[in-house]
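Each chain gets a letter, A, B and so on, in the order the sequences are listed, and its residues count up from 1.
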Protein chains: 2
Amino acid sequence: MDENRLSKMFKALSNPNRLRLFEQIRQGGDEGAVPADARPSRGVGGCLLQHVIDALDVGAPTVSHHLKELVNAGLIETEKHGKQLRCRVAPAALGELARYFGGASGR
Amino acid sequence: MDENRLSKMFKALSNPNRLRLFEQIRQGGDEGAVPADARPSRGVGGCLLQHVIDALDVGAPTVSHHLKELVNAGLIETEKHGKQLRCRVAPAALGELARYFGGASGR
DNA sequence: TCGACAGTTCGACATTTATAAAACTGTCAG
DNA sequence: CTGACAGTTTTATAAATGTCGAACTGTCGA
């Protein structure tokens, strides 16, 4: 795997707030924050940015900025639904990283 | 796993030179750079800092600084042998990270 | 004891980063 | 169309980071 791509991913996760953002998205931060029937298409771990913003205590512009870096690093994918933005972890990225550390099939 | 500890690890790997340093150490950068019988106790992937410094194109002070951060993040362990410093990856850290991404037993 | 060598510590400096406030864009409901 | 809301862009700024050269420390061989 490319060194630059890797370090970009790590940089994206190197800031505590950004890491929290990542984790919120990963666990589909909606659960509990919103009644089940108000959650469109749950299941792949999608979550609305809106709720993440509430969960982290940084302003919306900052979250937007951080999210952009996560997307840019290939860790998160987003999809616009009307006014709202749905975010989910890019499964491929998780796999790459697990392999990098686990040495399972990488290296 | 603790968020702060994690982001510290990621920060340690977020700089391309530091990531290269980590990878050199991980693969026991000595192989080939030194005759086999001049390598004390190879096998656990130890490597002499000296050789790593040659491999990366940054000055010794910078490498020292970077190494300190890797050690501080718990990713690398060092051991002094006379004049030289032997470095190796902390196996536990690799496991933690693999688990974090692989979701195998973590989460 | 001296000189050479491995690595560290100490400033210094330019670059990057995290964050916020203000202003903007796009989408929906009425 | 208008107002409200979700998110983005812009601009500014304080703080952190990466890197270097110079000076320092500790260890070995002669």
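A straight line from CG of B/N15 to P of D/dA16 spans 18 Å, rounded to a whole angstrom. Distance A/E79 CD to D/dA6 P: 19 Å, rounded to the nearest Å. Rounded to an integer number of Å, the gap from CZ of B/R86 to P of C/dA6 is 15 Å. Between the C1' atom of C/dT17 and the NE2 atom of A/H66 lies a distance of 9 Å, rounded to the nearest Å. The separation between A/Q84 atom CD and C/dA29 atom C1' is 14 Å, rounded to whole Å. Straight-line distance from the NZ atom of A/K68 to the P atom of C/dA18: 13 Å, rounded to whole Å. Whole-Å rounding puts the A/K8 NZ to C/dT16 P distance at 14 Å. A/I76 places its CD1 atom 14 Å from the P atom of D/dG7, with the value rounded to the nearest Å.
Side-chain contact between B/Q50 and B/K83 is absent, with no heavy atoms from C-beta onward closer than 4.5 Å. Residues B/S14 and A/S7 are not in side-chain contact: their nearest non-hydrogen atoms beyond the backbone lie 4.5 Å or more apart. Residues B/L75 and B/V89 form no side-chain contact, since every pair of their non-hydrogen atoms from C-beta on lies 4.5 Å or further apart. By the 4.5 Å heavy-atom criterion applied to side chains, B/E23 and A/L6 are counted as neighbours.
For the pair B/N17 and D/dT19, the criterion of a side-chain N or O lying under 4.0 Å from OP1 or OP2 is met.
To the nearest 0.5 angstrom, B/T62 atom OG1 is 11.0 Å from B/L21 atom CG. Note: A/C87 SG to A/L70 CG = 9.5 Å, rounded to the nearest 0.5 Å. Of the inter-residue distances, the one linking A/F101 atom CZ with B/M9 atom CE reads 8.5 Å to the nearest 0.5 angstrom.
Along DNA chain C, the nucleotide closest to B/P61 and the one closest to A/P61 are compared, and the more 5′ of them pairs with B/P61. Residue order along DNA chain C, read from the 5' end via each residue's closest nucleotide, puts B/Q50 first among B/Q50 and A/S14.
Looking only at atom types and distance, the side chain of A/R86 has no donor-acceptor partner in the side chain of A/H81 under 3.5 Å away.
Here the nucleotide nearest the side chain of B/L49, chosen from C/dA18, D/dT17, C/dT8, is C/dT8. Distance from the side chain of B/H65 is smallest for D/dT19 among the nucleotides D/dA22, D/dT19, C/dA22. The side chain of A/T62 lies closest to C/dA20, out of C/dA20, C/dT8, C/dG7. Closest to the side chain of A/I53, out of C/dT19, D/dT19, D/dG7, is D/dG7.
When the C1' atoms of four end pairs are superposed on the next four at each end of the helix from C/dT1-D/dA30 to C/dG30-D/dC1, using five pairs per end, the two resulting axes differ in direction by 30°, to 10°.
Cation-pi geometry between B/R26 and A/Y100 is satisfied (NZ or CZ under 6.0 Å from the ring centre, within 45° of the ring normal). Geometrically, A/R18 does not engage A/F10 in a cation-pi contact defined by less than 6.0 Å to the ring centre and at most 45° from the axis.
Using a 4.0 Å heavy-atom distance criterion, A/V58 is classed as a sugar-phosphate-only contact.
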Please list, pair by pair, any protein nitrogen or oxygen found under 3.5 Å from a nitrogen or oxygen in nucleotides 25-30 of chain D.
none

